[in-house]
Amino acid sequence: QVQLVESGGGLVQAGGSLRLSCAASGRTFSTYAMGWFRQAPGKEREFVAAIDSSGSDTYYATSVKGRFTISRDNAKNTVDLQMNSLKPEDTAVYYCAAAPQGQFPYLGGGYGIHYWGKGTLVTVSS
């Protein structure tokens, strides 16, 4: 069992930066690929970024590529999302997700996810 708890959300002006963190419980964190998703008001949940179990491979949604960076620290059981050049359309609840490493290529499609966090709200003002 893995429990995921997000933190770091808040209110930021457009053009600003924010760093989200997801803390995972359990000794098997390093065997999971991790991802970030977001859900804006009235919209479906969408993929943001993913990182493999070792931290050596990542991929991003087109809308955030070049602005967001996902990273992980397996010694601390954390996965972070550094968000720069934020836009009002980045406003959403951001969720952390865990999937077995074998599902890493499909995580972006929402497949193979075993665990979800409860989310943290990011609001970007114009």
Atom CD of E89 with >12 non-hydrogen neighbours under 6.0 angstrom: yes

Salt bridge (Lys or Arg N to Asp or Glu O under 4.0 Å) contacts touching residues 55-67 (sequence neighbours left out): R67-D90

Heavy atoms only: give me the nearest [X]-[Y] pair and the separation to one decimal.
X: N77; Y: S25; value: ND2-C, 4.4 Å
X: S71; Y: V79; value: O-CG2, 3.1 Å
X: P100; Y: H114; value: CG-CE1, 3.4 Å

Mind listing the side-chain donor-acceptor pairs of residues 8-21 below 3.5 Å, one per line with the distance, residues two or more places apart or on another chain?
from : atom 1 : to  : atom 2 : distance (Å)
S17  : OG     : N84 : OD1    : 2.9
R19  : NE     : D80 : OD2    : 3.2
R19  : NH1    : Q82 : OE1    : 3.0
R19  : NH2    : D80 : OD2    : 3.2
S21  : OG     : D80 : OD1    : 2.8

Residues that [X] engages under side chain to side chain contact (heavy atoms under 4.5 Å, CB included), provided they are two or more places apart:
X: S63; value: R38, A61
X: K76; value: D73, T78
X: T58; value: I51, Y60, I70
X: S56; value: D52, S54

ring-ring contact (aromatic ring centres under 6.0 Å, His included) contacts touching residues 9-32 (sequence neighbours left out): Y32-Y115

Partner of M83 by side chain to side chain contact (heavy atoms under 4.5 Å, CB included), out of V48, T69, V122: V122

Pairs touching residues 7-105 that satisfy disulfide bond (SG atoms under 2.5 Å apart), sequence neighbours left out: C22-C96

Pair listing, disulfide bond (SG atoms under 2.5 Å apart) test, anchored in residues 24-86, at least two apart: none

Pairwise distance CG(N74) to CE(M34) - rounded to 0.5 angstrom: 9.5 Å

Set of residues satisfying side-chain hydrogen bond (donor to acceptor under 3.5 Å, both in side chains) with respect to Q39, sequence neighbours excluded: none

Hydrophobic cluster (4.5 angstrom, side-chain heavy atoms) - remaining members for L107: F37, F47, Y59, V93, Y95, F104, I113, W116, L121

Cluster companions of Y111 among Ile, Leu, Val, Met, Phe, Trp, Tyr (side-chain spacing under 4.5 Å): Y106

